[in-house]
Amino acid sequence: MLILARDEHFAWLLGEAPPPEPLREAPGGVEQRRILRWLRAVSARLGAAGLLGSWLIVEEDEVVGLCGFKGPPDGAGSAEIGYGIAATRRRYGHATEAVRLLCEEVGRSGGVTALRAETAINNPPSQRVLEHNGFLQVGARHDPEDGDLILWSRPLVAAGEDPGSPGADVANRR
C-alpha cells in the first residue's frame with residue numbers, strides 16, 4: 001500500500017517526532033538520513049506547487065520503503081520517479097508493487113504523460129522492477145556520483161484514452 005508522505009512522516013523517519021500514525025519503521029530504517037532530508041525538501045517543493053511528491057511504501061503497518069517524484073514534470077509532462085526499499089525488506093516484491101501503484105495513482109491524477117527512471121547498470125533487481133511495470137530502456141548516461149546509468153521511460157494512459165492504443169499497450173505491459 002502507498003500512503004502519501006507528509007512532513008510529519010519525514011520528521012518521524014528522521015527521529016524528530018513520534019510516528020503520526022500507527023506505523024513502524026522496518027528494522028535498520030528505510031533510507032539514509034541525507035536522502036530522507038532531500039526527499040523531504042523535494043516533497044515540500046512539489047506540495048507548494050500543488051503536486052504530489054512522495055509516498056511511504058507500507059506492508060502491514062510497517063514502512064518498508066519510499067517512492068515518488070524527483071521533481072516536477074518537464075514541459076512535455078514527463079516526470080522522473082525514484083524508489084527505495086529498506087535493506088531488510090528487499091526481494092519481497094515491495095518495489096515492483098509500489099511502482100505499479102505509483103503508475104496507477106499518477107495515471108489517475110492526470111497531468112503527467114510519461115514516467116522516467118534511472119538505474120545503475122549493475123542493479124538488475126531495480127531494472128526488473130521497471131521492466132515488470134512496462135518501462136522501456138531509452139538510453140544511458142554516466143553520472144560522476146552514481147556511475148553508469150540506464151535510462152527508462154514509460155508512457156501513461158491518459159484518462160479516457162483507449163487502452164488498446166499504441167501508447168497504452170506499452171504502458172499496460174507487465
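Values below: all heavy atoms of this structure, side chains included; hydrogens, waters and symmetry mates excluded.
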> Members other than Leu151 in its cluster, when Ile, Leu, Val, Met, Phe, Trp, Tyr link by side-chain heavy atoms under 4.5 Å?
Replying inline: Val138

> Can you tell me how far CG of Asn123 sits from CZ of Arg128, rounded to the nearest 0.5 angstrom?
Replying inline: 9.0 Å

>> What's the separation between atom CZ in Arg141 and atom CG in Asp148, rounded to the nearest 0.5 Å?
In response: 10.5 Å

> Given Leu101 and Trp55, is the side-chain contact (heavy atoms from CB on, under 4.5 Å) satisfied, shown in steps?
Replying inline: CA-CA 10 Å; Leu101 293 170; Trp55 289 264; over 6 Å; no

> Are any non-hydrogen side-chain atoms of Gln137 and Trp152 less than 4.5 angstrom apart?
Replying inline: yes

>> Using the rule given for side-chain contact (heavy atoms from CB on, under 4.5 Å), can you reason through Leu130 versus Tyr83, listing the C-alpha separation, both sets of side-chain angles and the distance that settles it, and then say yes or no?
In response: CA-CA 11 Å; Leu130 296 172; Tyr83 50 90; 3.4 Å; yes

> Quick check: does any side chain N or O of Arg89 sit under 3.5 Å from a backbone N or O of Gly65, one acting as donor and the other as acceptor?
Replying inline: no

Show every donor-acceptor pair shorter than 3.5 Å between a side-chain atom in residues 27-35 and any protein atom, with sequence neighbours excluded, or say none if there are none.
from	atom 1	to	atom 2	distance (Å)
Gln32	OE1	Arg34	NE	3.2
Arg33	NH1	Leu14	O	2.7
Arg33	NH2	Leu14	O	3.1

>> For the backbone of Thr96 and the side chain of Asn133, can you confirm whether one donor and one acceptor N or O come within less than 3.5 Å of each other?
In response: yes

> Do Arg6 and Pro20 come close enough that some side-chain heavy atom pair is under 4.5 Å?
Replying inline: yes

> Any idea which heavy atoms bring Cys103 and Arg154 closest together, and the distance?
Replying inline: SG-NH1, 3.3 Å

> What's the shortest heavy-atom distance between Leu46 and Gly53, and which atoms?
Replying inline: CD1-CA, 3.6 Å

> Do Leu149 and Val99 share a hydrophobic cluster (ILVMFWY, side-chain heavy atoms under 4.5 Å, transitive)?
Replying inline: no

>> For Asp7, is there any backbone N or O sitting under 3.5 Å from a side-chain donor or acceptor partner on Ser43?
In response: no

>> I need the minimum non-hydrogen distance between Ile121 and Gln127, along with the two atoms involved.
In response: O-NE2, 3.2 Å

> Is there a side-chain contact between Val63 and His9, using heavy atoms and a 4.5 Å cut-off?
Replying inline: no

> Considering residues at least two apart in sequence or located in another chain, which fulfil the side-chain contact (heavy atoms from CB on, under 4.5 Å) criterion with Glu60?
Replying inline: none

>> Which heavy atom of Ile81 sits nearest to which heavy atom of Lys70, and what is that distance?
In response: O-CE, 4.0 Å

> Are more than 12 heavy atoms from other residues, nucleotides or ligands located less than 6.0 Å from atom CZ of Arg91?
Replying inline: no

> Taking Phe69 as the fixed residue, which of Val42, Leu39, Leu115 is the one that meets the side-chain contact (heavy atoms from CB on, under 4.5 Å) rule?
Replying inline: Leu115

>> Just verifying a value: how many Å separate Glu16 CD and Leu36 CG, rounded to the nearest 0.5 Å?
In response: 10.0 Å

> Atom CG of Leu56 and atom CD1 of Ile3: how far apart are they, to the nearest 0.5 Å?
Replying inline: 6.0 Å

> If you round to the nearest 0.5 Å, how far is CG of Leu102 from CG of Leu2?
Replying inline: 6.5 Å

> Side-chain heavy atoms under 4.5 angstrom apart, residues restricted to Ile, Leu, Val, Met, Phe, Trp, Tyr: same cluster for Leu66 and Tyr92?
Replying inline: no

> Looking only at heavy atoms, which two atoms of Arg40 and Ala11 are closest? And how far apart?
Replying inline: NH2-CB, 3.6 Å

>> Return the CD to SG distance between Glu97 and Cys67, rounded to the nearest 0.5 Å.
In response: 10.5 Å

> Can you name the nearest heavy-atom pair linking Val112 to Pro73, along with the distance?
Replying inline: CG2-CG, 3.8 Å

> Is the shortest heavy-atom distance from the side chain of Asp143 to the side chain of Glu118 under 4.5 Å?
Replying inline: no

